[in-house]
K.L.:
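Below you will find the structure I want to go over with you.
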Amino acid sequence: MDSGFAENWRVSFDDLRFLAELPRNVWLEAALQLCHLRLHGRFVEDWLDVSGDALSYVASQMELQDKRPSRAFSDRTGRRYRQAIAEHCGLSRMSARDQAEFQAWLADICPQVAFRGELVDRGFDRLRQQGFIPPSEGSVLRLVRSVRRGFLDRFLASVTDRLCVAAVMSLEKSLAEPRETTGFGKLKDDAGAASLEKVLAAAARLAFIQDQDLPFDVLDGLAPEWIKKLARRVEGETATEMRRHDRPRRLGLFAVYLMTRRSQMIDGLVDLLIEVVHRLGTKSRRKVISRIAADIEKVHGKERLLVDIAMAAIDDPDGRVSDVIYPVAAAAKLKAVIDEHRAKGTLDRRVQTVMRASYASHYRRMLPSLLSALEFRSNNTAWRPLMEALQLIIRLTREGRRFVPASTAPTGSIPAKWRETVIDAKGRLNVISFELCVLTQLRERIRAKEIWIEGADRYRNPDDDLPRDFPERRATYYAQLNLTQDARDFTMTVKAQMEEELLNLNAALPHDDKVRLRWRGENRISITPFAPAPEPAGLAALKSEVARRWPMTGLLDTLKEAALDTGFLNAFETSASREALPSGIRDQRLLLCLYGLGTNAGLKRVAAGMPGVSHDELLHIRRRYIDPASLRAAAARVADATLAIRNPVVWGEAGTACGADSTKFGAWDRNLMTEWHARYGGRGVMIYWHVERQATCIYSQLKRCSSSEVAAMIEGVLRHCTDMEIQRQYVDSHGQSAVGFAFCHLLGFELAPRLKAIARQKLALPSAGLRGRLPNLLPILSGVVDWDEIEQQYDEMVKYTAAMRNGTADPEAILRRFARTDVMHPTYKALAELGRVIKTIFLCRYLRSEVYRREIHEGLNVVENWNSANGFVFFGKGGEIASNRVADQEISAHALHLLQASLVYVNTRMIQSVLADNAWAGRLSERDYRGLSPLIYLHINPYGRFEVDLAKRIYFGAMAA
């Protein structure tokens, strides 16, 4: 028991004297109410809210039995002793004036507090600070609802008043014609697949928003959570439902939604631009290569032909070509040889020619819309020529010019490989070729965040990714990361650790028969692989016993049981202003929706299998209650509950290690999220999982197939909302990089990858003089680390790391700035050098310790086991995510996470119940416990009728003590 808990629930001698004046049968109740009042500023209304530890501790101080009180809050006896407690604490009743001031105070802070529960808590804190007797929670809740309703009415009315007449007419027309290009329904659509039509439609929608002159400044004083709530409310409504609102609410909600959509639309349009230019290049290159291959196949026996020509020329050197050469080599065949040679000409030039033809005949129509909708900016003067080139293109497009003097192009805007394509033989600038040249450069610079877009989110000003107050709060940021502010001290520490690990490996290697080094070839490290182990007999028997006790348990029942135990359904709040459904019906439909989404069976099939529930009713729940943030919160509750109920005797002590890996899911491809997977083949999306060693998933992300797994790994460690603290992260080869090793070290956790190319790894040297002390490692030693580079860029590296830690930027946005092609970035060089150091330390431990290698192997096997269960749970539609909306794809991923996590929770309780049986005492060996996992589903039935009876529970029997 920590000191803070004891202090919060301590009963003083003065309190004991006060309690002695009350009847003995209310002593425990009164003591709990007294401590709860001081701690939370309110009285206990539901005795289940008092933890068992608090109950036991207070009862022990008073030498009473720790029996939980059951007196109703409205009981007259309870009201009398609560009044006495308030007087004992020096609290007074609020007057009418005090109540008005309290209500006004709530109204003042309402714009900064979006969550109703938080506003209630802050209200009780305010009453405690002012020394007032707290009213019932219901009274404060009603007051909070009234204050929030009044605030929203005033705020939305103020937004509507700021709209011009033209904007009002445009918004009303959009609601009246929702399926038009700029209609309400279309404005909610994603950017779609990369095509000319989608680019033009996205640009039209963005232009519609920009033309309304919306009052973006009204959002400045509003909490971001409020903005998300209002946007979610509009997202969940149809045009018909929006039209039912009164005019101020209707137009205010719509305007706020469009203000939040602008940055998303800009991001989507930029994504389309990047993808269109990329596809234009790849398709053109593929077409050129196929033509070259076809041309090469036309001429056979060229070597023999050359010999025949040479012999004929030697035999008759003075003869005519038509008389000497043509008899042995026909003119047509010689022409084919010439064509083949020309086909092997400059590949880039031919690709550019094909790209230009495709761009000029089709894609060029998108340019005016793009340049009018997007405002490009750059903080780097090195890219000023490119920015000037964009302005020149705008002017030339307006003038309709096809050719201009080459001197018109800004100096440095045309790379050498494009010069022959852009500038013709007459010295003229081909405007169409110049546009394509600029667009290809623009794509690369946007991806590296050297050029950014005004009003965007993901493609915003890169300076906004970094903490602006870093110079002023430098010491605070270093303290958060637990790093020294002295760059020299930092490098000396890691250098000493590196030297120690290298020397330890050098001493251990001659005595290790599992690790061998070779002196020749690229593959110089050889490690004996682990032999596959059969399943322990005890585990097989345990699985059979679980299946015998709970045969064919419904997968829907496991979701329901986890919901009733953990209360994760409370994470789902309606996006509407009020809730009319009874809680029982709402919870039943919520569970059916979550099951339909998590299994991919779909809401229609679930409704068909559940009497009394229609598809429209489930669709209403889906639109109003279910969003990615709520699903994340629900999954985090299940994960925390699973960690809390675990018996350390069965599962071992709580760990701090986690494995991460991705798995591919097929998905509809008319969107920007779905991509072709280079390794697995086929189109789809990736779901990146973070799973701790006992199969509890703590975080999930929907990612593109080409996105960085290193960024996904870091995001999961930083953003998971569970109680687990991650100190070691297992990944496979794709989840690591030199920069990844550096950032993980600066963030304070250890990256432990299972490297596929372990045979080709090299060890960096801290100093040249150490090479002579490492004779056993000579075959795998590389260059010396540049410590000066690390020290010079140390502060910048910490700044980027602080941005990740504090959430000012996503890890992927930070890592995009340090792409491998951007080798000139000084901070990239320093991160790469630091990454070499940390990777060398890891490799030394990995090669020296078989236990460490086995730990990493087992940790990743847990994630692979989780991936294998995805197919069992996500069985509907062949496991393909049947939606082109990215938000729907994300909801499917998180619903699968929640459903599978609920299965793990219920299995944990079942296994512990079996092992609590005396008949199973001592039946499992140490090897059995080591391989024990709650992710089993032999006893689970995911199919059948979908019935939810909230009164029917799974009986687990006695839990393992």
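Note that the coordinates shown come from a computational prediction; the quantities given were computed from them, not determined experimentally. We're numbering straight along the sequence, starting at 1. Below, each value reflects all heavy atoms present in this structure, side chains not excepted, and no hydrogens, waters or symmetry copies.
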K.L.:
Where do Gln83 and Glu87 land on the side chain to side chain donor-acceptor pair (under 3.5 Å) test, with the steps shown first?
P.N.:
CA-CA 6 Å; Gln83 177 66 32; Glu87 293 175 358; 3.2 Å; yes
K.L.:
Step by step, work out the side chain to side chain donor-acceptor pair (under 3.5 Å) result for Ser56 and Asp53.
P.N.:
CA-CA 5 Å; Ser56 300; Asp53 291 339; 5.7 Å; no
K.L.:
Hey, do the aromatic rings of Trp226 and Phe115 have their centres closer than 6.0 Å?
P.N.:
no
K.L.:
Once the angle between the rings of His36 and His40 is folded into 0 to 90°, is it parallel (under 30°), tilted (30 to 60°) or perpendicular (over 60°)?
P.N.:
tilted
K.L.:
Would Gln33 and Arg82 count as having a side-chain donor-acceptor pair, cut-off 3.5 Å?
P.N.:
no
K.L.:
Are Leu64 and Arg24 packed together at the side-chain level, in the sense that at least one heavy-atom pair is separated by less than 4.5 angstrom?
P.N.:
yes
K.L.:
Would you mind checking if Arg460 and Asp465 are paired as a salt bridge, meaning a charged N to carboxylate O distance below 4.0 Å?
P.N.:
yes
K.L.:
Assess the residue pair Arg243 and Glu172 against the criterion (salt bridge (Lys or Arg N to Asp or Glu O under 4.0 Å)); give the C-alpha distance rounded to whole Å, side-chain angles, the decisive distance to 0.1 Å, and a yes or no.
P.N.:
CA-CA 9 Å; Arg243 291 195 296 266; Glu172 294 285 18; over 6 Å; no
K.L.:
Nearest 0.5 Å, what's the CZ-CG distance between Arg624 and Leu581?
P.N.:
11.0 Å
K.L.:
With distance as the sole test, does Asp46 use its side chain to make a donor-acceptor pair with the main-chain N or O of Asp49 at under 3.5 Å?
P.N.:
no
K.L.:
Hey, is the main chain of Arg458 close enough, under 3.5 Å, to the side chain of Asp267 for a donor-acceptor pair?
P.N.:
yes
K.L.:
Thinking salt bridges, do Arg261 and Glu235 make one under a 4.0 Å N-O criterion?
P.N.:
no
K.L.:
Looking at Phe184, is its backbone amide N or carbonyl O close enough to the side chain of Ser174 to form a donor-acceptor pair, meaning the two atoms are under 3.5 Å apart?
P.N.:
yes
K.L.:
So among Glu617, Glu573, Glu579, which one has a salt bridge (Lys or Arg N to Asp or Glu O under 4.0 Å) with Arg586?
P.N.:
Glu579
K.L.:
Give a yes or no on whether the backbone of Pro135 and the side-chain of Ser139 come within a donor-acceptor separation of less than 3.5 Å.
P.N.:
no
K.L.:
Give the intermediate values and the outcome of salt bridge (Lys or Arg N to Asp or Glu O under 4.0 Å) for residues Asp14 and Arg17.
P.N.:
CA-CA 5 Å; Asp14 187 43; Arg17 285 192 291 271; 3.7 Å; yes
K.L.:
Should Asp565 and Lys560 count as an ion pair when the cut-off is N to O under 4.0 Å?
P.N.:
no
K.L.:
Can you confirm if the aromatic rings of Phe102 and Phe132 lie within a centre distance of less than 6.0 Å?
P.N.:
no
K.L.:
Give, for atom CZ of Phe18 and atom CG of Leu34, the distance between the pair rounded to the nearest 0.5 Å.
P.N.:
7.0 Å
K.L.:
Should the pair Arg38-Asp15 be classified as a salt bridge under the 4.0 Å nitrogen-to-oxygen rule?
P.N.:
yes
K.L.:
Is the number of heavy atoms from other residues, nucleotides or ligands under 6.0 Å of Gln112 CD greater than 12?
P.N.:
yes
K.L.:
Counting only heavy atoms not in Asp211, do more than 12 sit closer than 6.0 Å to its CG atom?
P.N.:
yes
K.L.:
Whether the Gln480 and Asn806 side chains hold a donor-acceptor pair (N or O, under 3.5 Å, no angle test) is what I'd like checked.
P.N.:
yes
K.L.:
Got a donor-acceptor contact below 3.5 angstrom from the Arg805 side chain to the Leu747 backbone?
P.N.:
yes
K.L.:
Hey, are the side chains of Phe470 and Leu466 touching, using non-hydrogen atoms and a 4.5 Å cut-off?
P.N.:
no
K.L.:
Is Asp125 salt-bridged to Arg122, going by a charged N under 4.0 Å from an acidic O?
P.N.:
no
K.L.:
Does Arg247, at its CZ atom, have more than 12 non-hydrogen atoms belonging to other residues, nucleotides or ligands within less than 6.0 Å?
P.N.:
no
K.L.:
Are the side chains of Ile266 and Tyr459 in touch, meaning some heavy atoms are under 4.5 Å apart?
P.N.:
no
K.L.:
Are Arg205 and Asp189 within salt-bridge range, i.e. N to O under 4.0 Å?
P.N.:
no
K.L.:
Output yes when a side-chain donor or acceptor of Arg622 lies under 3.5 Å from a complementary backbone atom of Leu590, and no otherwise.
P.N.:
no
K.L.:
Just by distance, do the side chain of Ser263 and the backbone of Ala456 share a donor-acceptor pair under 3.5 Å?
P.N.:
no
K.L.:
Could you tell me whether the side chain of Arg232 and the main chain of Ala576 form a donor-acceptor pair under 3.5 Å?
P.N.:
no
K.L.:
Check the pair Glu7 / Arg10 against salt bridge (Lys or Arg N to Asp or Glu O under 4.0 Å), numbers first and verdict last.
P.N.:
CA-CA 5 Å; Glu7 180 64 26; Arg10 184 176 64 86; 3.8 Å; yes
K.L.:
Under a 4.0 Å threshold between the charged nitrogen and the carboxylate oxygen, would Arg473 count as salt-bridged to Asp469?
P.N.:
yes
K.L.:
Check whether Trp47 reaches the backbone of Arg71 with its side chain - one donor and one acceptor, N or O, closer than 3.5 Å.
P.N.:
yes
K.L.:
Within the supplied structure, the quantity of interest is the number of heavy atoms (other residues, nucleotides, ligands) at a distance under 6.0 Å from Glu63 CD; does it exceed 12?
P.N.:
no
K.L.:
If you measure from the Lys or Arg side-chain nitrogens to the Asp or Glu carboxylate oxygens, is any gap between Glu101 and Arg97 under 4.0 Å?
P.N.:
yes
K.L.:
At their closest point, which heavy atom of Ile626 faces which heavy atom of Ile891, and how far apart are they?
P.N.:
O-CD1, 3.9 Å
K.L.:
List the steps and the verdict of side chain to side chain donor-acceptor pair (under 3.5 Å) for Tyr699 and Glu715.
P.N.:
CA-CA 9 Å; Tyr699 198 73; Glu715 180 180 339; 3.2 Å; yes
K.L.:
Can a salt bridge be assigned to the pair Arg42 and Asp121 using a cut-off of 4.0 Å between side-chain N and carboxylate O?
P.N.:
yes
K.L.:
Examine distances only and state if a side-chain atom of Gln212 and a backbone atom of Ile209 form a donor-acceptor pair shorter than 3.5 Å.
P.N.:
no
K.L.:
Determine the interplanar angle of the Tyr57 and Phe5 rings, folded into 0 to 90°, and report it as parallel if under 30°, tilted if 30 to 60°, perpendicular if over 60°.
P.N.:
tilted
K.L.:
Should the heavy atoms of other residues, nucleotides or ligands under 6.0 Å from NZ of Lys228 be counted, would the total exceed 12?
P.N.:
no
